[in-house]
Amino acid sequence: MKNLIIIAHPDMASSHANKAWREVAKKQADKFDIHEIYAAYPNGKIDVAREQELLLSHDKIIIQFPLYWYSYPPLLKQWFDDVFAYGWAYGSAGGKLKGKEFALAITIGDERNNYKKDGTIGFGIEEVIAPFKCAMNFTGAKLLPCHFGYGFSFHPDSEYIAKSAEKYEEFLAKF
C-alpha cells in the first residue's frame, strides 16, 4: 500500500511553501498519493465515506497544512469533525483508526525561536499541536514524528522556500 498526503490549504494558488512541498511530494508518486481537500470539496461538503476509505486504504497518512492562528484551516477542522466520526473512529463500534499511523507537516509563518515559553507565542510547537495528539490518542491512532517549516512570513524568497522543500523531501524519504 502507498502512503497518503492530505493537503489542506485554502488558497494553494497563492501559496509558496505548501505549493513547493506538494511538488516535492509529487516527485514521489510511487510512494505517496496526494489528496487536496480544498480542491476536492470547494463547496465544503465532505464525502465522509470516501475520506474514511482513503484513510483505511493507506498505510500512513501525512496531513500537510499551514498553521492558522495556532490551529488548522477551517476545512481541515471540518474534515476531522466529520471523518473521525463516532461509531467509526471511536465509540463502542468504532476503532477503525486503531494503530493507523499519522504525521503532520505544517508550514508556519513565524520564526522557530518564537515557539518557546519565553518567545512571543509562549508555547512550543509540540504544545500547539496538542489537539492533534489528543485526537490520535483518543482514536487509538499513532502520531509519528512531524515536520515543521518555520519563518515563511519573514522569508518568502524562493531560495528559502527551496531549502524548506529539500528538508520536506528528506522527511518524506524517511516515511
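Here, residue 1 is the first one in the sequence, and each next residue gets the next number. Since we're looking at a predicted model, the values are computed, not measured.
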Short question: side chain of [X], backbone of [Y] - any donor-acceptor pair under 3.5 Å?
| X | Y | value |
| --- | --- | --- |
| Lys2 | Ala29 | yes |
| Thr139 | Ala135 | yes |
| Tyr38 | Asp11 | no |
| Asp33 | Leu4 | no |

Is the ring centre of [X] less than 6.0 Å from the ring centre of [Y]?
| X | Y | result |
| --- | --- | --- |
| Tyr90 | Tyr86 | yes |
| Trp79 | Phe84 | yes |
| Phe132 | Phe102 | no |

Worksheet item: Going by the salt bridge (charged side-chain N to carboxylate O under 4.0 Å, His left out) test, which pairs reach into residues 105-117, not counting sequence neighbours?
Response: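 Output for this query lists Lys117-Glu127.
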Item to complete: Scan residues 133-157 for pairs that pass salt bridge (charged side-chain N to carboxylate O under 4.0 Å, His left out), counting only residues two or more places apart or in two chains.
Response: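 Residue pairs passing salt bridge (charged side-chain N to carboxylate O under 4.0 Å, His left out), neighbours aside: Glu126-Lys133.
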Roughly how far, to the nearest 0.5 Å, is the [atom2] atom of [Y] from the [atom1] atom of [X]?
| X | Y | atom1 | atom2 | answer |
| --- | --- | --- | --- | --- |
| Thr107 | Lys19 | OG1 | NZ | 13.0 Å |
| Ile106 | Phe148 | CD1 | CZ | 5.0 Å |
| Thr120 | Tyr115 | OG1 | OH | 8.0 Å |
| Tyr70 | Ile129 | OH | CD1 | 15.5 Å |
| Gln78 | Tyr72 | CD | OH | 12.0 Å |

Fill in: Working for salt bridge (Lys or Arg N to Asp or Glu O under 4.0 Å), residues Glu166 and Lys163
CA-CA 5 Å; Glu166 287 174 13; Lys163 286 181 182 176; over 6 Å; no
Atom pairs and distances, donor-acceptor, side-chain atoms in residues 168-175, under 3.5 Å, two or more places apart:
| from | atom 1 | to | atom 2 | distance (Å) |
| --- | --- | --- | --- | --- |
| Tyr168 | OH | Gln64 | OE1 | 2.9 |

Practice prompt. Kindly check if the number of other-residue, nucleotide or ligand heavy atoms within 6.0 Å of NZ (Lys31) is above 12?
Written response: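 It does: Lys31 NZ has more than 12 such atoms within range.
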